[in-house]
Amino acid sequence: MEWDIMMAVNGKGCATAMREAIRQMIKQPIAESGARGRIVNISSAAGINAIRREATYAASMISPPWRCFSILMIAGININAVRPGVVRTAQASTNFRDPAIIAEMRKGTPWPRLGEPIDVANMVVFLCTNKRRGSEAKILRLMQGSPWG
């Protein structure tokens with residue numbers, strides 16, 4: 001059951017949302033920025049290196065960033081992905097309440113702190129601005145909580 005729900009949300013949910021956004025973006029004229037639209041997928045470093053006790057989540061995070069990059073760039077749709085390490089979210093809240101798990105997570109990061117949702121939000125906002133030039137079709141790693149980002 002957990003597997004089905006996680007895959008439905010993180011896998012099929014991402015693909016469905018992208019499909020619907022792309023249908024609309026293709027109808028739009030190319031803007032002065034050179035794009036018809038921008039899509040930013042949010043994945044997780046867990047898609048590269050599974051987190052202990054989180055195998056289902058890790059498996060569901062493998063797919064989102066790799067969807068359709070080069071094909072859609074030709075159509076003028078800019079796609080990027082953000083792949084953060086450990087971030088204090090509702091789903092991770094149990095881990096953030098356990099000092100032993102926090103200590104373990106801190107060992108795996110080169111940063112002096114673990115991630116916060118604002119770290120991810122700031123990167124997504126940046127990718128949706130014209131200042132992001134040169135970042136088309138990239139997976140940007142926010143490394144808080146994982147040496148592999």
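Treat the numbers as computed from the prediction; the structure is a model and nothing was measured.
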Rounded to the nearest 0.5 Å, how far does [atom2] of [Y] lie from [atom1] of [X]?
X   : Y    : atom1 : atom2 : value
I5  : N10  : CD1   : CG    : 11.5 Å
Q24 : R19  : CD    : CZ    : 14.5 Å
I26 : Q28  : CD1   : CD    : 10.0 Å
R83 : M123 : CZ    : CE    : 14.0 Å

Steps toward side-chain contact (heavy atoms from CB on, under 4.5 Å) verdict (I102, D98): CA-CA 6 Å; I102 291 171; D98 185 328; 5.9 Å; no
To check you understand the geometry: which heavy-atom pair defines the closest contact between [X] and [Y], and what is its length?
X   : Y   : result
M18 : I79 : CE-CD1, 3.8 Å
M25 : R36 : O-CD, 3.0 Å
P84 : S43 : CD-O, 3.4 Å

So, do [X] and [Y] sit near enough that their side-chain heavy atoms are less than 4.5 Å apart?
X    : Y    : result
N41  : N80  : no
I22  : I39  : yes
P117 : V120 : no
P99  : I101 : no
V87  : L114 : no

Please check this pair: side chain of T129 against backbone of F126, looking for a donor-acceptor N/O pair closer than 3.5 Å. yes
Without swapping roles, check the side chain of D119 against the backbone of E116 for a donor-acceptor pair under 3.5 Å.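 Confirmed, D119 side chain pairs with E116 backbone.
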Under the salt bridge (Lys or Arg N to Asp or Glu O under 4.0 Å) test, which residues partner R23, sequence neighbours left out?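 Testing R23 for salt bridge (Lys or Arg N to Asp or Glu O under 4.0 Å), a comparison that skips the adjacent residues, returns E20.
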